[in-house]
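All chains are named by letter (A, B, ...) in the order of the sequence lines, taking the proteins before the strands, and each is independently numbered beginning at 1.
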Number of protein chains: 2
Amino acid sequence: MEETFRRSLYPDLDDIDYGIIRALQGNARLPFTQIAKDLGVTEKTIRMRVQQLQDEGALSLVGIVNPVKAGFHVQAMIQVAVDAEKLDDVVAALTDTVEIRLIVLTSGEYQLFTQVLVTSNEELSQFLLKKLHKIPGISKTNVINELKILKSKYNFIR
Amino acid sequence: MEETFRRSLYPDLDDIDYGIIRALQGNARLPFTQIAKDLGVTEKTIRMRVQQLQDEGALSLVGIVNPVKAGFHVQAMIQVAVDAEKLDDVVAALTDTVEIRLIVLTSGEYQLFTQVLVTSNEELSQFLLKKLHKIPGISKTNVINELKILKSKYNFIR
DNA sequence: TTGCACTATGTCGAAAATCGTATTATAGTA
DNA sequence: TACTATAATACGATTTTCGACATAGTGCAA
């Protein structure tokens with residue numbers, strides 16, 4: 001069975017898509033009718049475009065929680081060096097770990113970059129000792145504490 | 001003039017707040033009427049709570065763009081070591097830089113952790129040579145290329 | 001070029017959600 | 001207990017969303 005693709009004719013983002021992104025990146029609940037008026041198309045078009053953008057994974061309309069306000073007082077970045085043949089297993093183990101909210105494959109001395117959110121330094125040390133260091137295949141780790149976020153932009157489309 | 005504070009009686013997040021966060025973190029456009037029904041309160045209550053949470057900086061309802069789909073094919077993390085007395089100036093210079101979407105003060109060998117988004121390796125090298133390395137007060141940098149995002153969770157509230 | 005198939009956009013009315021005002025309830029405090 | 005300020009509710013007017021259908025536009029192949 002042939003899968004049907006949305007936006008099969010025009011796979012790239014066009015001006016309307018960027019208009020939608022610019023409108024929604026600062027306020028995910030902006031009414032489609034307003035965006036439509038600004039861009040000179042109908043609400044239906046905006047509705048379909050937004051659905052497509054989301055289906056493609058180009059746009060996510062989400063609520064971002066301030067970790068500190070939600071009790072996650074300790075945030076750290078952990079670099080992980082992995083034995084090459086165990087990479088998939090290590091990634092799988094890390095992916096299943098609730099404390100970890102981000103895993104990136106990177107260049108350099110460490111193959112993996114992760115970000116962890118925990119409520120306290122005690123919880124961080126428990127995480128390191130009881131979970132991270134028990135995963136087979138990890139040869140080295142580097143913990144970088146996040147002391148203060150100085151700049152954070154989700155709306156980077158200009 | 002005395003400033004009036006929202007949520008002055010109950011500054012912490014309560015069950016309704018967490019219910020709202022859980023509902024919205026995966027879909028920022030979920031109707032307040034639905035959340036209200038689920039939590040057993042009125043739509044107006046949800047509306048007011050969401051406004052308060054946003055005003056407090058506890059919750060942001062935003063559109064997150066996939067950088068690659070928007071043409072930012074190269075993403076890198078750059079660690080920056082800074083002369084202590086120049087830290088504020090360096091941070092100010094980095095903050096004004098459009099390529100940088102995240103700056104974090106960290107522990108360790110490097111005081112600053114940044115994330116940059118550019119369209120190509122050429123643009124990255126131009127950024128490094130023409131912008132970053134021209135900022136006075138930077139003693140050392142470490143560029144880590146992001147090869148692949150393996151896990152990314154914005155909805156980390158359980 | 002013309003016609004075909006498919007996708008995108010537009011039209012529009014019903015249903016749902018939002019918004020603002022006024023009212024009631026609740027918690028903290030004197 | 002009464003007072004004050006905040007929080008929640010009630011509710012109708014307005015706006016938005018949604019879905020079914022119609023129209024327009026594009027790529028492709030005869």
Peer 1: Which residues satisfy the side-chain contact (heavy atoms from CB on, under 4.5 Å) test with B:Lys44, sequence neighbours excluded?
Peer 2: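 Once residues adjacent in sequence are excluded, the partners of B:Lys44 under the side-chain contact (heavy atoms from CB on, under 4.5 Å) criterion are B:Arg47.
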
Peer 1: Measuring only between side-chain heavy atoms, which start at C-beta, is B:Val62 closer than 4.5 Å to A:Gln25?
Peer 2: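 Answer no - side chains too far apart.
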
Peer 1: Just distance, no hydrogens or angles: give the donor-acceptor pairs under 3.5 Å from side chains in residues 150-158 of chain A, sequence neighbours left out.
Peer 2:
residue, atom, partner, partner atom, Å
A:Lys151, NZ, B:Thr95, O, 2.7
A:Lys151, NZ, B:Thr97, O, 3.2
A:Lys151, NZ, B:Ile100, O, 3.0

Peer 1: Strictly under 4.0 angstrom, non-hydrogen atoms only: write out the protein contact profile of nucleotides 9-24 of chain C, one letter per nucleotide from the 5' end, B, S or -.
Peer 2: BBB-----SBBBB---

Peer 1: Side chain to side chain contact (heavy atoms under 4.5 Å, CB included) for B:Ile135 and B:Asp89? Distances and angles first, verdict last.
Peer 2: CA-CA 9 Å; B:Ile135 297 174; B:Asp89 294 337; over 6 Å; no

Peer 1: May I ask you to check if A:Arg29 and B:Phe32 form a cation-pi contact, with NZ or CZ under 6.0 angstrom from the six-membered ring centre and within 45° of the axis?
Peer 2: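 That pair qualifies as a cation-pi contact.
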
Peer 1: Would you mind reading off the bend of the helix from C:dT1-D:dA30 to C:dA30-D:dT1 from its two end axes, five pairs each, to 10 degrees?
Peer 2: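 Between the first-five-pair axis and the last-five-pair axis there is 30°.
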
Peer 1: Take atom CG of A:Asp38 and atom C1' of D:dT16, then tell me their distance rounded to the nearest Å.
Peer 2: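 Going from A:Asp38 (CG) to D:dT16 (C1'), I get 15 Å.
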
Peer 1: For B:Leu13 and D:dA7, what is the distance between atoms CG and C1' respectively, to the nearest whole Å?
Peer 2: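 Distance check: B:Leu13 CG to D:dA7 C1' gives 16 Å.
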
Peer 1: Give me each pair satisfying salt bridge (Lys or Arg N to Asp or Glu O under 4.0 Å) with a member in residues 117-131 of chain B, each pair once, sequence neighbours excluded.
Peer 2: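 Passing the test, one end in residues 117-131 of chain B: B:Glu99-B:Lys131.
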
Peer 1: Give the cluster check for A:Phe127 versus A:Phe113: same hydrophobic cluster or not, with ILVMFWY residues linked at side-chain heavy-atom distances below 4.5 Å.
Peer 2: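 No, separate clusters.
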
Peer 1: Please name all residues satisfying salt bridge (charged side-chain N to carboxylate O under 4.0 Å, His left out) with A:Lys140, sequence neighbours left out, ordered by chain then number.
Peer 2: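 A:Lys140: salt bridge (charged side-chain N to carboxylate O under 4.0 Å, His left out) contacts with A:Glu109.
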
Peer 1: Report the distance from atom CG of A:Asp12 to atom P of C:dT7, rounded to the nearest whole Å.
Peer 2: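 To the nearest whole Å, that distance equals 17 Å.
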
